[in-house]
There are 2 protein chains.
Amino acid sequence: MVTGEAKQLRDLLARNVRRLRRDQNMSQEALADAAGLHRTYVGSIERSERNVSLDSLCALAHGLSTEVWCLLSDSKEGQSPQ
Amino acid sequence: MVTGEAKQLRDLLARNVRRLRRDQNMSQEALADAAGLHRTYVGSIERSERNVSLDSLCALAHGLSTEVWCLLSDSKEGQSPQ
DNA sequence: GTGTGACTTATAGTCCGTG
DNA sequence: GCACGGACTATAAGTCACA
């Protein structure tokens, strides 16, 4: 179905993942490794091409040392919880 | 893969959905209709049997008139964002 | 180090029921 | 109104070769 809202959400996730990853000086490969996912898969998420599931979301959050809801929040401030 | 973290997340989602739904006096059917999902699917989500995608998460949030990150936050207090 | 299209396999999600 | 199952279809997961 992919409504406009869903598109925005994927986009938000993409931006958050990319920002957090670069914030920690990781490559897509490094994040993929840390999250237990694949390089190209992480890449396609960052390009908001994927409609990821809770499971992948969780893996991603783990790899980025953050919380799942952080990846889906529009966050300008304290994003990195030490 | 379904790590323990992913299990917890599904469980949290299940609780939040059920609580918010009942809070608004909706049946699973009513929510399914409002979210554009299927009756049995909503039921299985509330039983934390499903690893839902962003798209469904968005639809669910829409049907519950809330935000996606609310469904994934451990929320004791102000759940309804004004 | 990243983008992209193609591809296979796993599972998300629908729809039919039953108690 | 809800839990749960079986069978099905659509799509996410996961991997690759190459730009």
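Excluded from the calculations below are hydrogen atoms, water molecules and symmetry mates; all remaining heavy atoms, backbone and side chain alike, are included. In what follows, every chain begins at residue 1, and chains take the letters A, B, ... in the order their sequences are listed.
Listed candidates were D:dC2, C:dT14, D:dA13. Nearest to the side chain of A:Ser56 is D:dA13.
The distance from atom CG of B:Asp33 to atom C1' of C:dT14 is 15 Å, rounded to the nearest whole Å. The interatomic distance linking B:Met26 (CE) with D:dC2 (P) rounds to 11 Å, in whole Å. Remark: P of D:dA12 and CG of B:Asp55 are 7 Å apart, rounded to the nearest angstrom. When the C1' atom of C:dT9 is taken as reference, atom OH of A:Tyr41 falls 14 Å away, rounded to whole Å. Taking atom NE2 of residue B:His38 and atom C1' of nucleotide D:dT9, one finds them 13 Å apart after rounding to whole Å. Taking atom CD of residue B:Glu29 and atom P of nucleotide D:dA3, one finds them 10 Å apart after rounding to whole Å. Nucleotide D:dG14 holds its C1' atom 14 Å from the CG atom of B:Asn51, rounded to whole Å. Straight-line distance from the CG atom of B:Leu54 to the P atom of D:dA12: 10 Å, rounded to whole Å.
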*Heavy-atom protein contacts under 4.0 Å, nucleotides 3-8 of chain C, coded B base, S sugar-phosphate only, - none*: BB----
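Residues B:Leu71 and B:Leu57 approach most closely at CD1-O, 3.8 Å, considering heavy atoms.
To the nearest 0.5 Å, the span separating CG on B:Asn51 from CG on A:Asp55 amounts to 4.5 Å. With rounding to the nearest 0.5 Å, the separation of OG in B:Ser48 from CG in B:Leu12 is 10.5 Å.
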Kindly list each side-chain donor-acceptor pair under 3.5 angstrom involving residues 25-43 of chain A, sequence neighbours excluded, with atom names and distances?
{"unit_1": "A:Ser27", "atom_1": "OG", "unit_2": "A:Glu29", "atom_2": "N", "d": "3.4"}
{"unit_1": "A:Ser27", "atom_1": "OG", "unit_2": "A:Ala30", "atom_2": "N", "d": "3.0"}
{"unit_1": "A:Gln28", "atom_1": "NE2", "unit_2": "A:Glu46", "atom_2": "OE1", "d": "3.2"}

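Contact annotation: the side chain of A:Asn16 never approaches that of A:Leu72 to less than 4.5 Å [non-hydrogen atoms, C-beta and beyond].
Between B:Arg21 and B:Ser53, the one whose closest nucleotide on DNA chain D sits nearer the 5' end is B:Arg21.
One finds no salt bridge joining B:Arg19 and B:Asp23 here, because no Lys/Arg side-chain nitrogen approaches an Asp/Glu carboxylate oxygen to under 4.0 Å.
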